[in-house]
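From a predicted model like this one, the values you see are computed outputs, not experimental measurements. Hydrogens, waters and symmetry mates are skipped; everything else that's a heavy atom, side chains included, is used.
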Amino acid sequence: MIEFNRVGKSYGGVRALDDVSFTVGAGSITGFLGPNGAGKSTAMRVLAGLSRPSSGAATVLGRPYAELDRPGSQVGVLLDASAQHPGRTGREVLTLGAMMLGLPASRVDEVLDLVGLTGQEARRRVGGYSLGMRQRLGVGHALLGRPRVLVLDEPANGLDPQGIRWMRGLLRGLAEAGCAILLSSHLLHEVEQVADRIVMIGRGRVLAQGTLAELGRGRSLEQLFLDLTATTDRSPA
Amino acid sequence: MTATATPGMTAAPTPFHRLLAVEARKLVDTRSGKALVLVLAGLVPAAVAARGAVSGPELQALVNAAGIGPGTLLPVLGILTVTGEWSHRTALTTFTLEPRRGRVLAAKFLPALAAAVAACVLAVLAAVPATAVTAAVQGVPAVWEVDPAALLGWAGVQVLMVAEGLGMGVLLLNAPAAIVICLASPMVWAVVGRLGSAGATLAEWFDLNTTTGPLMSGDLSGGGAARLAVSVLVWIAVPMAAGAVRVIRGEVR
């Protein structure tokens, strides 16, 4: 349902993405891993149509994102939970999204319930939210239109232990219902528990991809991550 | 469901009326937006009352006074509606929900321009009773004469000023820079206009405040229209077009 086909992206002379290819199928949670600056967020922005690839193509449900009809009801995207107007309330953020998608106001309440924000919290301005609350709000915003595809950039960042357990259950439930989920994270232990496939990138290139069992061969995800990214760190680009 | 809808596919892009409703709501759903509206609501009656007390019950003068607050603040609202998406990076979500970015920009421009028209109507509505009250209080006859051409021209200038704000906002995508340029340019032009004949000629053709003068007083001649067109092109049309291209083609971060 998500497909990267030889995607390349250069800024000036710098290659942020280089020949990136992978797919995420229905009912799968794919963990998207890599060191800071490896190109995860760039790849996700390209996927969401916010950035044009220099070569190759990224598609969702078989089409480039920008050509999807009412993309919000097909793809849920959370690229940065902090990118919110601090003067808006949590409820207002969801209300604007629901209006855009033509959803009834009752959907806002459903989503608030789903992500565990109380009515009182929803009436507060986002400027006063903790990062964990912003993540819940951002995930809720992504889920408004009941999408079949989810693209989440570090959604577990800043969540407390209860929040992390909640997120794990939520994502598993969505995948069981047939959602395709692409999830980036630095919380390797968490990815190990929730993802069924891993795509690891470093310096814009895919270093490895497959199921945990295929890739790890007994190693923990953390060891695998350090082994793979250490190699790219020493090699001359 | 229309007969042409394909089963299993969702229909067409986000309807424009929905984008309009969302962007109009965004003008006033933040603290800064609400504060701006409240300040305006206080400024208009205050300006009308003060002008009435000073210059007597003349409707034309009171209408002009009522327009000063909106004329200064609505361009700022126009700037903020565009630049807010970049300063708070909400463009990430806005353009993910509607990737056709040109439609989003149009939906941002129209409510801001409509607010200028609405402010003009409100200014007149505030000035009429204020003229009557001032006449009664001062015990002098009210002057109701209004030049329709000047009134329309005045409203047109209010809309142009908001359009300038939108143009600068979308070109620079930076609220402080756009606000400084819009609010400081009249002062800069006042200086330029005094720099000999070359400066005066420049101001005559490129200073919106100078070129909108004839429109405001309701006697726009052929030459005046040409000068107005040139300054509108330079300060409104070109920035808007260049800014729209920048937003539609550029990266959203």
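- Among residues 66-92 of chain B, the residues having any heavy atom closer than 4.5 Å to a heavy atom of chain A are, in sequence order, B/His88, B/Arg89, B/Thr90, B/Leu92.
- Shortest non-hydrogen contact noted between B/Ile248 and A/Arg52 is O-NH2, 3.9 Å.
- Contact annotation for A/Leu101: both backbone and side-chain heavy atoms come within less than 4.5 Å of a heavy atom of chain B.
- Using a distance-only test at 3.5 Å, with no hydrogens or angles considered, a donor-acceptor pair links the side chain of A/Tyr65 to the main chain of B/Thr96.
- Of the two parts of A/Ser41, neither the backbone nor the side chain holds a non-hydrogen atom closer than 4.5 Å to a non-hydrogen atom of chain B.
- Considering every non-hydrogen atom in both A/Arg45 and B/Val252, the closest pair reads CD-O, 3.0 Å.
- A heavy-atom distance below 4.5 Å is not found between the side chains of A/Met99 and B/Arg18.
- Of all the listed residues (A/Pro86, A/Ser82, A/Gly72), the one sharing the greatest number of non-hydrogen pairs under 4.5 Å with chain B is A/Pro86.
- Minimum heavy-atom separation, A/Pro71 to B/Pro99: CG-CD, 3.5 Å.
- Expressed to the nearest 0.5 Å, how far CG of B/Leu97 lies from CG of A/Leu96 amounts to 10.0 Å.
- Heavy-atom neighbours of chain A within the stretch residues 20-34 of chain B, taken at a separation under 4.5 angstrom, comprise B/Ala21, B/Val22, B/Arg25, B/Lys26, B/Asp29, B/Thr30, B/Arg31, B/Ser32.
- Within the cation-pi definition used here (under 6.0 Å to the ring centroid, within 45° of the axis), B/Arg253 qualifies as a partner of A/Tyr11.
- Ion pairing between a basic and an acidic side chain is recognised when a charged N comes within 4.0 Å of a carboxylate O; A/Lys9 and B/Glu251 show such pairing.
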